K.L.:
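One structure, pasted below without further comment.
As a basis for the values below, the full set of heavy atoms in this structure was taken, side chains included, without hydrogen atoms, waters or symmetry mates. What you see is a predicted model; the values in this text were computed from it and never measured.
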Amino acid sequence: MEFIDLKSQYQASRDLINGRIQAVLDHGQYIMGPEVAELEERLARYTGVRHCITVASGTEALLIALMALGVGRGDEVITTPFTFIATAEAIVLLGATPVFVDIDPVTCNIAPGLIEENITARTRAIIPVSLYGQPADMDDINAIAQRHGLAVIEDAAQSFGATYRGKKSCNLSGIGCTSFFPSKPLGCYGDGGALFTSDDELASAMREIRVHGQSKRYVHTRVGVGGRMDTLQCAIVLAKLELFDWEVQQRQRAAAVYDALLLGKNAGIRSVGRREDRTSVYAQYTVVLEQRDALQAALHQAGIPTAIHYPVPIHRQPAYASLGSPDACPISVEMAGKVMSLPMGPYLSTASAQQVATVLLNAADVARRSCPEFMALPE
Ligand SMILES: Cc1ncc(COP(=O)(O)O)c(C=O)c1O
């Protein structure tokens, strides 16, 4: 079994993908070819924003977003430590300081109620992460930001296609950033990403920063980066868009199979909680477990791949440890020891999801018997 089955996905879209790749090989415009603008227009329409700017990766999108806002040395940016390292990395690369705010234990997204007490005169922006595919509490976060004159960048690397109160992820705040890393819900076959905004000035700054701060050929009006997404990768995303809505439904089908079999069984297994006012694209289907390591080993033995997203919160990473106490953000620390992501994807069959659930339930049962004081988590 694959953790994320990209081979079946390719087979399902093979002709579309091959056709799109061949078209690029035929016209030969490998950098900023026509597929770049075509994809940007399609994605802007899909999310409902005025501007989409494709970039070299999700990390580059975060970096360019912060650069367009003018974030730099001495500034603080509030974010979550329970995310992929890139979220904080972009802040640090600009000489600014990430200020970590703990997560909601149910959704594992940043807890809005803890944000305001961390705002200082130096705070410039908030970067919530829509973790595992489910949007963060964006309205609450936007309201706080508005009260304090801060920018909000949604790190939607895992949530492209999800909705929140009827709007698409990437269109939930001033700037949205996503990633087309191959295993993401909408992935390319290399590195890629995109920025989303309805602010014309920010969009034009981002477009310049993406190409070395260039406003006209060889006129560099600001400091930028080499941050373009190449034409071939844009072509691949265009092909994959054709099946994307169906694939999201298939992810939700697989998640529903897991939900039905795993939750409410008094087995000490809960999933990361969902909110009714939003949908998830299940970049990951993540469960919260006592005795995580033993259960992960049991799945591994049965040939079922799993992953931990993420085993160490960022404030405990060696390169970031100077940013605060290791005892800060206790919920993030606790969740890092309990979360486990199961195989997920549009091509995960119902039978495979059932097999994963059966092995996990059996392993949880064995773990429970071997540890009588083991209490079931509230489910
Ligand atoms: C939450 C989050 N932010 C940022 C990134 C960075 O994206 P990329 O790998 O495309 O640079 C990722 C992807 O790995 C991610 O999961």
Side-chain angles (χ1 to χ4, degrees), residues 49 51 53 55 57-103 109-131 135-159 164 169-179 193-210 222-225 227 314-315 320 323-324 329:
V49 298
H51 307 280
I53 300 113
V55 291
S57 68
T59 308
E60 207 75 9
L62 291 164
L63 188 69
I64 293 173
L66 289 165
M67 288 173 81
L69 291 168
V71 171
R73 200 160 298 283
D75 293 334
E76 293 177 358
V77 178
I78 288 177
T79 191
T80 161
F82 197 60
T83 175
F84 182 60
I85 197 76
T87 315
E89 191 175 53
I91 302 166
V92 172
L93 279 172
L94 293 173
T97 304
V99 173
F100 295 116
V101 166
D102 212 354
I103 54 171
N109 281 329
I110 193 168
L114 301 177
I115 290 178
E116 219 148 7
E117 66 201 55
N118 285 283
I119 293 174
T120 71
R122 293 170 169 232
T123 310
R124 295 287 314 280
I126 308 172
I127 308 185
V129 177
S130 295
L131 198 70
D137 294 312
M138 296 303 291
D139 280 359
D140 295 344
I141 295 165
N142 285 329
I144 294 166
Q146 204 170 13
R147 279 202 292 281
H148 295 270
L150 308 175
V152 178
I153 302 168
E154 183 197 10
D155 182 343
Q158 303 181 9
S159 61
Y164 173 87
S169 181
C170 294
N171 183 16
L172 303 177
S173 60
I175 303 175
C177 293
T178 200
S179 162
L195 288 143
F196 298 82
T197 187
S198 291
D199 181 314
D200 297 347
E201 257 180 59
L202 276 177
S204 128
M206 290 165 179
R207 285 191 191 282
E208 288 182 17
I209 293 168
R210 168 177 72 174
R222 53 178 93 230
V223 175
V225 294
I314 298 181
H315 66 297
Y320 295 77
L323 292 172
C329 302

K.L.:
Is the side chain of S179 donor-acceptor paired with the backbone N or O of S57 at a distance under 3.5 Å, no angle test?
P.N.:
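It does not hold such a pair.
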
K.L.:
Under the side chain to side chain contact (heavy atoms under 4.5 Å, CB included) rule, what do E60 and V225 come out as? Steps first, then yes or no, please.
P.N.:
CA-CA 9 Å; E60 207 75 9; V225 294; 3.3 Å; yes

K.L.:
Working to the nearest 0.5 Å, report the span between CZ of F196 and CG of L172.
P.N.:
11.0 Å

K.L.:
Can you tell me how far OG of S159 sits from CG of L131, rounded to the nearest 0.5 angstrom?
P.N.:
9.5 Å

K.L.:
Without swapping roles, check the side chain of R210 against the backbone of G224 for a donor-acceptor pair under 3.5 Å.
P.N.:
no

K.L.:
Does a side-chain heavy-atom distance below 4.5 Å link V129 with I110?
P.N.:
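Answer no - side chains too far apart.
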
K.L.:
How close do D199 and E201 get, heavy atom to heavy atom, and via which atoms?
P.N.:
OD1-N, 2.9 Å

K.L.:
Are any of the side-chain heavy atoms of M206 and I53 separated by less than 4.5 Å?
P.N.:
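SC-SC contact between M206 and I53 confirmed.
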
K.L.:
Can you see which heavy atom on A86 is nearest to which on T59, and at what distance?
P.N.:
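Looking at all heavy atoms of both residues, the closest pair is CB-OG1, 3.5 Å.
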
K.L.:
Return yes when atom CZ of R147 has more than 12 non-hydrogen atoms of other residues, nucleotides or ligands closer than 6.0 Å, and no otherwise.
P.N.:
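Enclosed: over 12 neighbouring heavy atoms sit under 6.0 Å from CZ of R147.
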
K.L.:
Could you go step by step and tell me if I126 and I115 meet the side chain to side chain contact (heavy atoms under 4.5 Å, CB included) rule?
P.N.:
CA-CA 9 Å; I126 308 172; I115 290 178; 4.0 Å; yes

K.L.:
Sequence neighbours excluded and cut-off under 3.5 Å, please list the side-chain donor-acceptor pairs for residues 95-103, or say none.
P.N.:
from	atom 1	to	atom 2	distance (Å)
D102	OD1	S332	N	2.9
D102	OD1	S332	OG	2.6
D102	OD2	I331	N	2.7

K.L.:
Compare all side-chain heavy atoms of I127 with those of I78 and state whether any distance is below 4.5 angstrom.
P.N.:
no

K.L.:
Between A136 and Y164, which heavy-atom pair has the shortest distance, and what is it?
P.N.:
O-CE1, 3.6 Å

K.L.:
Evaluate whether atom CZ of R122 has more than 12 neighbouring non-hydrogen atoms of other residues, nucleotides or ligands under 6.0 angstrom away.
P.N.:
no

K.L.:
Identify the heavy atoms of A65 and I175 that sit nearest to each other, and give their distance.
P.N.:
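Looking at all heavy atoms of both residues, the closest pair is CB-CG2, 3.9 Å.
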
K.L.:
Taking atom types as modelled and ignoring hydrogens, do the side chains of T120 and E76 form a donor-acceptor contact shorter than 3.5 angstrom?
P.N.:
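Yes - a donor-acceptor pair under 3.5 Å links their side chains.
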
K.L.:
Mind running side chain to side chain contact (heavy atoms under 4.5 Å, CB included) on V71 and I91 for me, showing each step along the way?
P.N.:
CA-CA 8 Å; V71 171; I91 302 166; 5.6 Å; no

K.L.:
Taking all atoms of both residues into account, what is the closest heavy-atom pair of V152 and A145, and its distance?
P.N.:
CG2-CB, 3.3 Å

K.L.:
Are I314 and F82 close enough that some pair of their side-chain heavy atoms sits under 4.5 Å apart?
P.N.:
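They are not in contact (no side-chain heavy atoms under 4.5 Å apart), so the answer is no.
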
K.L.:
For the residue pair C170 and E154, what are the closest heavy atoms and their distance?
P.N.:
N-OE1, 2.7 Å

K.L.:
Do any N or O atoms from the side chain of D137 and from the backbone of D140 form a donor-acceptor pair under 3.5 angstrom?
P.N.:
no

K.L.:
Tell me if a side-chain donor or acceptor on D155 pairs with a main-chain N or O of T87 at a distance below 3.5 Å.
P.N.:
no

K.L.:
Check whether any side-chain heavy atom of E89 lies under 4.5 Å from a side-chain heavy atom of Y320, and answer yes or no.
P.N.:
yes

K.L.:
Side chains of V49 and T197: does their closest heavy-atom pair fall under 4.5 Å?
P.N.:
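A side-chain contact is absent here, since even the closest heavy-atom pair is not under 4.5 Å.
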
K.L.:
Could you give the distance from CG (N109) to CE (M138), rounded to the nearest 0.5 Å?
P.N.:
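One finds 9.5 Å between CG of N109 and CE of M138.
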
K.L.:
Walk me through it: do Q158 and S130 pass the test side chain to side chain donor-acceptor pair (under 3.5 Å)?
P.N.:
CA-CA 7 Å; Q158 303 181 9; S130 295; over 6 Å; no

K.L.:
Quick one: do the N142 and S173 side chains pair a donor with an acceptor below 3.5 Å?
P.N.:
no

K.L.:
E116 versus H148: any side-chain heavy-atom pair under 4.5 Å?
P.N.:
yes

K.L.:
In sequence, state the C-alpha distance, the side-chain angles, and the governing distance for L69 and I153, and then conclude on side chain to side chain contact (heavy atoms under 4.5 Å, CB included).
P.N.:
CA-CA 10 Å; L69 291 168; I153 302 168; 3.7 Å; yes

K.L.:
Tell me if a side-chain donor or acceptor on T83 pairs with a main-chain N or O of T80 at a distance below 3.5 Å.
P.N.:
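Not confirmed, T83 side chain does not pair with T80 backbone.
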
K.L.:
Can you find a pair of side-chain heavy atoms, one from L93 and one from L66, that are under 4.5 Å apart?
P.N.:
no

K.L.:
Report the distance from atom CD1 of I144 to atom CG of D139, rounding to the nearest 0.5 Å.
P.N.:
11.0 Å

